[in-house]
There are 2 protein chains.
Amino acid sequence: MTVTGHLDAIDWRILRTLQENGRITNVELAEKVGLSPPPCLRRVRALEEAGYISGYRAMLNAEKLGFEVMVFAMVGLKSQAESELTQFIARVKAWPMVRECYAVSGEADFMLKCVGPNLHAMQDFIIKDLTAAANVDSVKTTLILRQEKYEPGIPIT
Amino acid sequence: MTVTGHLDAIDWRILRTLQENGRITNVELAEKVGLSPPPCLRRVRALEEAGYISGYRAMLNAEKLGFEVMVFAMVGLKSQAESELTQFIARVKAWPMVRECYAVSGEADFMLKCVGPNLHAMQDFIIKDLTAAANVDSVKTTLILRQEKYEPGIPIT
DNA sequence: CGCATCCTTGAAATAATATTGCTATAGTCC
DNA sequence: GGACTATAGCAATATTATTTCAAGGATGCG
């Protein structure tokens, strides 16, 4: 698939497998997708180079590690002018407790997923940082009670 | 930290590093956290065993791979009886397009993050599967226009 | 205060894996 | 059909993972 830019069945199998287990060895991956290790590794590298694979992450158990509170925050801005948006996004990127941020349609402008050690820290962040930030008009939070499914990524059949 | 259950500074460095780069070699990881490879690997294994690390995943570029539509769906159920909840969750787990599901406080009962190739497929899923599912009372969707930040996991300083 | 115990580290050796170089083969386009 | 391109796989090498084991440091108790 190097230059052509088209993914074949083996590429998709590689992607699916790596999405499920990002630390599988190349030997095992090769076996699963039906190749010998060298061409398999070459494909993985090509997929990385081409940006189909953007990185690898360990999934950590937030609760066990003392991060017990997660909320969704829907944020409305006062001004949606280009420069204001950019500034808000920059702020969001600088807040460690905000792990994900999406521009959304509908009533709010942004949907944030925030993670913190406890309710107090979360409240502190929402009131003192988020709500108080320049250009923030409204913040509506939804507390996450439990994670029922977590398979981030894409549905590869 | 094996049996004591207490994480020291090195364990935290390991977790932070692996959250950022899940495919780093043990040699490199060891160097970063200030250990030689053998004890470093032992700690990683211990962290996995103890469930602090629950897995590794490749992050795929959804857009490049043809999954261009993501929505949040807030779902309200008619009945929140234990068995009904369980059934709904089982259904959610079986839908590939639902990648994440959270029980939430507030107006809705569940927040779903759904991923699909296009608006049509998403509409199809929402109308024919989600809204039509037994015990589903209300579905309110929010289209994701753009991903501005994506650092899933926890804020390890 | 000193000794025994427990835990963890790191050096060395070994096993496994990743990676490179090269040749062969299959598919494609004149 | 013949030349070209792309990709597979074998073989060799480099790198990494993993095991084994002896030594060092902390802790608790006599």
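What you are looking at is a predicted structure, and each value in this text was computed from that prediction instead of being measured. Keep in mind that the numbers below use all heavy atoms, side chains included, and drop hydrogens, waters and symmetry copies. So you know, we letter chains A, B, ... as the sequences are listed, proteins then strands, and number each from 1.
- Between A:I24 atom CD1 and D:dT16 atom P there is a gap of 20 Å when expressed in whole angstrom units.
- B:N26 places its CG atom 5 Å from the P atom of D:dA17, with the value rounded to the nearest Å.
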Tabulate below the donor-acceptor pairs under 3.5 Å that side-chain atoms of residues 91-98 of chain B make, not counting sequence neighbours, or state none.
none

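- For B:E68, the side-chain hydrogen bond (donor to acceptor under 3.5 Å, both in side chains) criterion is met by no residue, not counting sequence neighbours.
- In this structure, the CZ atom of A:R23 is 19 Å from the P atom of C:dA16, given to the nearest Å.
- Separating the CG atom in B:L65 from the CG atom in A:L15 is a distance of 5.5 Å, to the nearest 0.5 Å.
- Within the structure, every pair that satisfies the salt bridge (Lys or Arg N to Asp or Glu O under 4.0 Å) test and touches residues 141-157 of chain A, not counting sequence neighbours, is listed here: A:R146-A:E148, A:E151-B:R57.
- Pairs passing the salt bridge (Lys or Arg N to Asp or Glu O under 4.0 Å) check and including a residue from residues 122-142 of chain B, sequence neighbours excluded, read A:E107-B:K140, B:D124-B:K128.
- With sequence neighbours left out, A:I126 forms a side chain to side chain contact (heavy atoms under 4.5 Å, CB included) with A:V71, A:M122, A:T131, A:V139, A:T141.
- In this structure, B:R45 reaches the sugar-phosphate backbone alone: every heavy-atom distance under 4.0 Å involves primed, P, OP1 or OP2 atoms, never a base.
- A:S79 is linked by a side chain to side chain contact (heavy atoms under 4.5 Å, CB included) to A:A81, A:E84, A:N135, counting only residues two or more places apart in sequence or in another chain.
- Remark: B:L35, B:S36, B:P38, B:P39 in residues 27-41 of chain B come within less than 4.0 Å of DNA chain C through at least one heavy atom.
- Remark on the helix from C:dC1-D:dG30 to C:dC30-D:dG1: inter-end axis angle 30°, axes from five-pair C1' superpositions, rounded to 10°.
- Summarising the geometry, atom CD belonging to A:Q80 is positioned 4.0 Å from atom CG belonging to A:D109; distances are rounded to the nearest 0.5 Å.
- Note: NE2 (B:H6) to P (D:dA26) measures 18 Å, nearest angstrom.
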Next item on the list: Go along nucleotides 22-28 of chain C 5' to 3' and tag each nucleotide: B for a protein heavy atom under 4.0 Å from its base, S when only backbone or sugar atoms are that close, - otherwise.
Entry: -------
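- Take B:S54 and apply the side chain to side chain contact (heavy atoms under 4.5 Å, CB included) test, not counting sequence neighbours, and it matches A:M59.
- Note on residues 18-39 of chain B: no pairs pass side-chain hydrogen bond (donor to acceptor under 3.5 Å, both in side chains), not counting sequence neighbours.
- Take A:I144 and apply the side chain to side chain contact (heavy atoms under 4.5 Å, CB included) test, not counting sequence neighbours, and it matches A:M70, A:F72, A:K113, B:Y102, B:V104.
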